[in-house]
There are 2 protein chains.
Amino acid sequence: MNKMVTLADVARAAGVSAKTASRVINGDPQVAPATRARVEAAVEALGYQVNVLARSLRRGHDNVVGVIVESVRDPFFSEVIGELEQLITPRGFTVMVASNTRGSGREREIVEGFIQRSLVGMIVTPQDADYSFLRSIRMPVVFIDRRPRNLDADVVLADDRGATLEGVNHLARYGHRSIALISDALDVQTVRNRYEGYLDAMREAGLPVDPSMVRIGCLDADMAEKETVDLLHLPQPPTAILSTRGETSQGVVRALHRHDATDVAVVSVGDFALADSVTPAITVLDHSPTLIGRYAAERLFARLDGESGHPITTTIPVPLIARGSGELPPRAAVSG
Amino acid sequence: MNKMVTLADVARAAGVSAKTASRVINGDPQVAPATRARVEAAVEALGYQVNVLARSLRRGHDNVVGVIVESVRDPFFSEVIGELEQLITPRGFTVMVASNTRGSGREREIVEGFIQRSLVGMIVTPQDADYSFLRSIRMPVVFIDRRPRNLDADVVLADDRGATLEGVNHLARYGHRSIALISDALDVQTVRNRYEGYLDAMREAGLPVDPSMVRIGCLDADMAEKETVDLLHLPQPPTAILSTRGETSQGVVRALHRHDATDVAVVSVGDFALADSVTPAITVLDHSPTLIGRYAAERLFARLDGESGHPITTTIPVPLIARGSGELPPRAAVSG
DNA sequence: CTGTTAGCGCCTTCAC
DNA sequence: GTGAAGGCGCTAACAG
C-alpha cells in the first residue's frame, strides 16, 4: 500500500532531525520533554514502525537468540524451547528455532545460517558435525544435551551414564536379572553414555548381558514398540526393560499394553506425558528439559553479560521417580 | 577476533568489483566461468559469510516466516510448528517462533515485532486482539485455529462445533445421558464453538444440561484433573466426559486413573501421546495439527507466489477414532 | 539538549 | 560480461 514510513518521515513531521527522533524511539533520556512529545505524536500519527533490519545492520548485531534442537516435535525439545523462550524473551530478544533432524546433513549449514544473521547468541544441540569452525567466532554459543565435536565450549548436559546406571541398579534391587535395553542409535554421544551406563551397571551387578536383550537404533516410538514386541516374543523374554528416552518409552508402554504384558518392569530415562497415568505408572529417571533450558539460558546470559572465563560444563541431576513400573518384581519365567 | 570479511574484501582478493562478487554469491549465470572460479576461491580463502541483515535491508524483506502459536510447549502446537518448519525450510526460509501465552497481553506487540523485521510472511494463532491494524499490511498472513477479530483474512481451522457435536452424539448413541464437559476458557473462539456444539448436541439429543456438569476454564492438564476429580465426587457423577482439548484430556485421564474411575466414558477433541495406550484407550476426535500446518503452509505459499483473490477459509475434517473409552456403556448409577 | 556527517554491507540501476 | 555510483533505514561519533 503506502510506502513504509521511515524515521526521516517522523523527524520531518515533528520538525526535528532524524537523530533526535531516533533518540526518542530508543528511550534516550537526553531529550526535552516537549520534543519527545512532538516526536511521539508524529510516530503515532504516521503509524511508524522501526525497521529492525536497518537498526541491526547499523548496530552490528540482531537481538535474536538462535535455538537449534534435534526436532521441535519431540516433547523433550519443545519443552526446552518453551523454557528458553520464557527466559529469553523478557530480555528483549526474539527466538529463532531450527530443527536439525537426525541425518539431514544440514547441521553446519543451519549453524552458519544463524551466524550470517548476526544473532547475539545461540543454543545448539550438536549432532555429529565437526564444530572446530566455531573456534574463531565471537558470538556466544551454549551447547545442550551433548558435547560438540572438536570444540571446547559451554555445555549443559545430564549425567547420562549415571542415569542408566541407576536405572539398572534400581531394577536389580527389585530382583531383576534379565534387563533389556531399548536404546536410540549410538551415533549420538548421549546415547552412547547411557549405553555404557547400562553395560557397566550390568557388569557390576554381576548380570549377564544377553545381546538379544539389547535393542539399539530405536529412533522413535514406533521402532521402540516393534523392538519391544520382539523382546516379548523371545523364548525367554526380559522381566524388565530400561528405555533410554521418553519417546522410545512411549513405544515400549504401547507394546506392553497391547500385548497384555504390563507385568514387565519398566524404567524410562526421561519423563513423558501420562507416564504417571498408565497402569502401572512408569518409573522414570527425570532427565528434565526445563532444567536444561534454564541452565543453558543462564550460561548464555552470563556470556552476553561479558563473562569471559574458560568454557563451563553444567551437569544436571537425573533423579529417579518411583511410580510403580520400576518396582515390579520379576514376573513368572514363562509367559505369553 | 578478526573483523568480519565483507563482500568488498572478497572482490578485492579476486580482483573484481563488489557487484561481480555479489553476482557469484547469488548464482547469477551472467559471469564468466574464470571470474566465477576466482571469486569462489576468494570466498573460500577468506571464509566469507554473507551478511543477511545487509542483504535483507537492501532487498526490503527478510527470508523468514514468523510463526506465532499459543504455546510451543503444547504438543498440539509443537506439532504444527514441526510440520510448518518441514514445509517452509526447503523453500529457503527460516522460521521464527513466538508463543503468545494466554492473557500475556502481548499479542499485538508480538505481531508488530515480526512486522518490524520485514518478514516475508506470518502464520498466526490469534487470541482476542483486534486485528484491524493488519488491514493495510502487504505481508501475507495466514491465521490458524481461530479467526482474527475485525479482519477478513486467510484462515485454516477445524470444524470445532461439529467435533463436539459428534462427540456428544457418539456418547449418546452408547446410552449416555449424563455427559460432562471439560472445557478451556470461553474467551477463545475455538473453545466457544466447541462449547456450542456440546450444548446443541445435548439439546438435540433431548438431554438435560446440568450446570454442575459443565466445567469451563480448564487452561491446562492440572486444572482439568482437578475439575474431573470434582465431577467424580458429585452425588450423581457423570457417566461420560467430553474433553475439548488434548491437553485437558490428559488431566481427565490422570484423574480417572488415580481415582479408579476408568469406567467413565471419555471422548477427547484432540489426540495426544499414549491416548491409545491407557486402559481403556481414549476415543478421540482427531483435530490434526499436521493438517492445520500443511494447509496453512499451502495458503501462505500461494500468497507468496502472488495469488491475490479474496481471503480463503480452509476447514479441516475432524474424524472420530473409536478406541474404547468412548464406547463404554454408562456405568452403574452409584459409585465411589 | 540537538544536529551533521558518515557508513553498516549489500544490491539495484544503469552504464560500458 | 563487468563496473561505478548511490541508497536501503538507521544510529555511532562527534560536534555545537
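Below, read A as the first sequence line, B as the second, and so on, with proteins coming before strands; counting in each chain starts at 1.
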With the criterion being N/O to N/O and under 3.5 Å, what pairs connect the protein with nucleotides 4-8 of chain D, and how long is each?
from  : atom 1 : to      : atom 2 : distance (Å)
D/dG6 : N2     : B/Arg58 : NH1    : 2.7
D/dG7 : N2     : B/Arg58 : NH1    : 3.3

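In this structure, A/Glu79 contributes its side chain and A/Pro289 its backbone to no donor-acceptor pair below 3.5 Å. Remark: side-chain polar atoms of B/Ser71 are not paired, donor with acceptor, to backbone N or O of B/Thr101 under 3.5 angstrom.
Across the protein-nucleic acid pair, A/Asn26 atom CG and D/dG9 atom C1' stand 13 Å apart, rounded to whole Å. Taking atom NE2 on B/His61 and atom P on C/dT12, their separation rounds to 9 Å, with Å as the unit. One atom, CG of B/Leu53, and another, C1' of C/dG7, lie 15 Å apart when rounded to the nearest Å. Atom P of nucleotide C/dG9 and atom CZ of B/Arg12 are separated by 12 Å, given to the nearest angstrom. The interatomic distance linking B/Asp9 (CG) with C/dC10 (C1') rounds to 13 Å, in whole Å. Atom OH of B/Tyr48 is separated from atom C1' of C/dC10 by 7 Å (rounded to the nearest Å). Taking atom CG of B/Asp62 as the reference point, atom C1' of C/dG9 lies 14 Å away to the nearest angstrom. Taking atom CG on B/Asp28 and atom P on C/dC10, their separation rounds to 17 Å, with Å as the unit.
Contacts between residues 35-45 of chain A and DNA chain C, counted as heavy-atom distances below 4.0 Å, involve A/Thr35.
At C/dG3, one or more side-chain N or O atoms of A/Thr20 fall inside 4.0 Å of OP1 or OP2 (strictly under the cut-off). Contact annotation: B/Ser22 does not reach the phosphate of C/dC10 (side-chain N/O to OP1 or OP2, under 4.0 Å).
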Return all side-chain donor-acceptor pairs below 3.5 angstrom for residues 43-53 of chain B, not counting sequence neighbours, or 'none' if the list is empty.
from    : atom 1 : to      : atom 2 : distance (Å)
B/Asn51 : OD1    : B/Leu53 : N      : 3.0
B/Asn51 : OD1    : B/Ala54 : N      : 3.1

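Not a single ring-ring contact (aromatic ring centres under 6.0 Å, His included) links A/Phe114 to another residue, sequence neighbours left out. Checked against side-chain contact (heavy atoms from CB on, under 4.5 Å), B/Ala41 has no partners two or more places apart in sequence or in another chain. Partners of A/Tyr131 according to the ring-ring contact (aromatic ring centres under 6.0 Å, His included) rule, which considers only residues two or more places apart in sequence or in another chain, are A/Phe133, A/Phe143. Residues meeting the side-chain hydrogen bond (donor to acceptor under 3.5 Å, both in side chains) test with B/Asp184, sequence neighbours left out: B/Arg102, B/Arg245. By the side-chain hydrogen bond (donor to acceptor under 3.5 Å, both in side chains) test, B/Ser99 pairs with A/Glu85, sequence neighbours left out.
Helix bend of the helix from C/dC1-D/dG16 to C/dC16-D/dG1: the angle between its two end axes, each built from five pairs, comes to 30° after rounding to 10°.
The stretch residues 58-113 of chain B participates, sequence neighbours left out, in these ring pair (Phe, Tyr, Trp, His ring centres under 6.0 Å) pairs: B/Phe76-B/His287. Every pair tested for side-chain hydrogen bond (donor to acceptor under 3.5 Å, both in side chains) that includes a residue from residues 29-41 of chain A fails, sequence neighbours excluded, so the list is empty. Contacts classified as side-chain hydrogen bond (donor to acceptor under 3.5 Å, both in side chains) and involving residues 112-122 of chain B (residues at least two apart or in different chains) are given here: A/Asp62-B/Arg117, B/Arg108-B/Glu112.
In this structure, B/Leu7 reaches the sugar-phosphate backbone alone: every heavy-atom distance under 4.0 Å involves primed, P, OP1 or OP2 atoms, never a base.
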